[in-house]
Amino acid sequence: MPNMLRLIDRTLGKWLRHFFFAIVRTYFSLFYNVSCSGKHLLQDTQGALILATHVSRFDGPLIAAILYTTQRIRPVVHYKEYYNWIQWFPMFVARAIPVSSPKSWPAEKRQAQKEASMQRILSALDSGESILLFPSGHTRQQEPEVIAPHLSGAQDILQANPDSPVLLLRLDGLGRFQPARYDYFWTFIGRSKGRRHISVDIKTVDDLDPGIDLAAFNKDLEDRLNTPIRDSF
């Protein structure tokens with residue numbers, strides 16, 4: 001079965017990814033003016049762990065589409081999002097990795113699911129694929145990024161694979177708690193607002209310490225994600 005899935009991914013999946021890429025990029029180019037700094041850092045980086053702010057439900061598709069022509073990104077998504085009947089097919093095509101599990105499951109089944117998800121993440125990193133993870137675990141409900149002290153995803157991955165390159169990715173301008181700025185793209189049809197400006201900023205980090213206490217690790221990562229990467233937006 002794994003060999004069959006890989007074959008489908010390399011044939012039909014390849015064409016479907018190009019199709020979805022064209023659709024998503026067209027949508028974002030019509031309604032959003034996106035700038036990306038630090039994209040070149042991915043060109044010579046294989047098997048990177050990308051830790052990103054989570055400001056809206058569009059974050060995953062936007063980041064994957066913006067980075068698609070540089071490197072294929074495999075997002076880590078919540079179990080319920082992956083198996084939602086509306087989202088399952090594009091998630092499958094993108095080879096998203098589902099994590100967590102329903103709370104109604106027995107403890108042993110939930111632990112087995114967690115271990116299986118971690119193994120898939122580590123295997124992807126070992127094979128040179130980059131992983132997109134939102135350490136906060138959910139879309140932002142306030143202005144700053146907040147990572148709960150008990151969330152261990154980023155630390156677990158880095159403890160298991162300490163040699164993985166780490167990139168921080170910060171989104172500005174897209175979330176409902178972020179300033180909205182617009183260009184005048186749509187003024188020719190009488191709309192006063194055009195496309196909303198979004199910045200995607202990436203930088204390399206080489207001094208995250210996964211060996212410290214989890215709460216301290218999350219606070220350090222939270223502070224880094226809340227610090228602007230570029231001077232102005």
Could you walk me through whether T69 and K39 pass the side-chain contact (heavy atoms from CB on, under 4.5 Å) check? CA-CA 10 Å; T69 53; K39 187 177 178 180; 3.4 Å; yes
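- Listed here is the closest heavy atom pair of F21 and A65: CE1-O, 3.4 Å.
- Note that CD of E129 and CD1 of I121 are 12.0 Å apart. Values are rounded to the nearest 0.5 Å.
- For the pair S136 and H54, the tightest heavy-atom approach, listed with the atom from each and the gap, is OG-CB, 3.7 Å.
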Does W105 form a ring pair (Phe, Tyr, Trp, His ring centres under 6.0 Å) with Y79? I'd like the steps, not just the answer. CA-CA 12 Å; W105 284 11; Y79 182 91; 5.2 Å; yes
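- With hydrogens and angles disregarded, no donor-acceptor distance shorter than 3.5 Å links the side chain of D172 to the backbone of I198.
- The minimum heavy-atom distance between L158 and F217, with the atom names listed, is CD1-CZ, 4.0 Å.
- Considering OG of S164 and CG of L122, their distance stands at 7.5 Å, rounded to 0.5 Å.
- Although no hydrogens or angles enter the test, the distance criterion places a donor-acceptor pair under 3.5 Å between the side chain of Q71 and the main chain of L42.
- With Q87 contributing its side chain and W85 its backbone, the two residues share no donor-acceptor pair below 3.5 Å.
- With N226 contributing its side chain and P144 its backbone, the two residues share no donor-acceptor pair below 3.5 Å.
- Residues L132 and V166 do not share a hydrophobic cluster, defined by chaining ILVMFWY side chains whose heavy atoms lie under 4.5 Å apart.
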Apply side-chain contact (heavy atoms from CB on, under 4.5 Å) to the pair L171 and D201, showing each step before the final yes or no. CA-CA 7 Å; L171 274 166; D201 302 317; over 6 Å; no
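- Considering every non-hydrogen atom in both G175 and R196, the closest pair reads O-NH2, 3.0 Å.
- Atom CG of residue L225 and atom OG1 of residue T227 lie 8.5 Å apart, to the nearest 0.5 angstrom.
- Q111 CD: more than 12 foreign heavy atoms inside a 6.0 Å radius.
- In this pair, Y27 and F58 present their aromatic rings tilted. The plane angle is within the 30 to 60° band.
- In terms of heavy-atom proximity, S101 sits nearest to R110 at OG-NE, 2.9 Å.
- With R170 contributing its side chain and A52 its backbone, the two residues share no donor-acceptor pair below 3.5 Å.
- Crowding of F177 atom CZ: a count of heavy atoms from other residues, nucleotides or ligands under 6.0 Å exceeding 12.
- Once rounded to the nearest 0.5 Å, the distance linking CG of L168 with CD1 of I50 reads 10.5 Å.
- The salt bridge (Lys or Arg N to Asp or Glu O under 4.0 Å) test applied to D183 returns R195, not counting sequence neighbours.
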Pair Y32, H197 - check ring pair (Phe, Tyr, Trp, His ring centres under 6.0 Å), show working. CA-CA 6 Å; Y32 299 92; H197 288 274; over 10 Å; no
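- When hydrophobic clusters are built by joining Ile, Leu, Val, Met, Phe, Trp and Tyr residues whose side-chain heavy atoms come closer than 4.5 Å, directly or via intermediates, L49 is not grouped with I66.
- You'll find the side chain of R230 reaches within 4.5 Å of the side chain of S35, heavy atoms only.
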Please assess D59 against S56 for the test side-chain hydrogen bond (donor to acceptor under 3.5 Å, both in side chains), listing each intermediate value before the final yes or no. CA-CA 6 Å; D59 296 350; S56 82; 2.9 Å; yes
R72 vs R17, side-chain contact (heavy atoms from CB on, under 4.5 Å): CA-CA, chis, key distance, verdict: CA-CA 10 Å; R72 180 181 175 185; R17 280 191 296 277; 3.2 Å; yes
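- In terms of modelled atom types and a separation under 3.5 Å, the side chain of E222 and the main chain of A148 share no donor-acceptor contact.
- Using a distance-only test at 3.5 Å, with no hydrogens or angles considered, no donor-acceptor pair links the side chain of R74 to the main chain of I131.
- Residues meeting the salt bridge (Lys or Arg N to Asp or Glu O under 4.0 Å) test with R176, sequence neighbours left out: none.
- Atom CG of N33 is separated from atom OG of S199 by 11.0 Å, given to the nearest 0.5 angstrom.
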Kindly indicate, with the supporting measurements, whether the criterion side-chain hydrogen bond (donor to acceptor under 3.5 Å, both in side chains) is fulfilled by S100 and H78. CA-CA 6 Å; S100 71; H78 195 277; 3.2 Å; yes
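- Cluster membership check: V77 does not share its hydrophobic cluster with I157, using side-chain heavy-atom separations under 4.5 Å among Ile, Leu, Val, Met, Phe, Trp and Tyr.
- Between F92 and W88, the two ring planes are parallel [angle under 30°; tilted spans 30° to 60°].
- When hydrophobic clusters are built by joining Ile, Leu, Val, Met, Phe, Trp and Tyr residues whose side-chain heavy atoms come closer than 4.5 Å, directly or via intermediates, Y68 is not grouped with V200.
- Minimum interatomic distance between T53 and R140 (heavy atoms only, all atoms of both residues): CB-NH2, 3.7 Å.
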For V99 and K114, run side-chain contact (heavy atoms from CB on, under 4.5 Å): C-alpha distance rounded to whole Å, both residues' side-chain angles, the deciding distance at 0.1 Å, then the answer. CA-CA 7 Å; V99 295; K114 180 178 180 180; over 6 Å; no
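- Between the side chain of Q155 and the backbone N or O of I212, at least one donor-acceptor pair lies under 3.5 Å.
- Hydrophobic cluster membership differs between V76 and L167, with clusters built from Ile, Leu, Val, Met, Phe, Trp and Tyr side chains linked at under 4.5 angstrom.
- Between the E115 side chain and the A112 main chain, no donor and acceptor come within less than 3.5 Å of each other.
- Side-chain contact check for P98 versus R120: some heavy-atom pair is nearer than 4.5 Å.
- Here the side chains of Y82 and I97 are not in contact, with every heavy-atom distance at 4.5 Å or above.
- To the nearest 0.5 angstrom, L169 atom CG is 7.0 Å from C36 atom SG.
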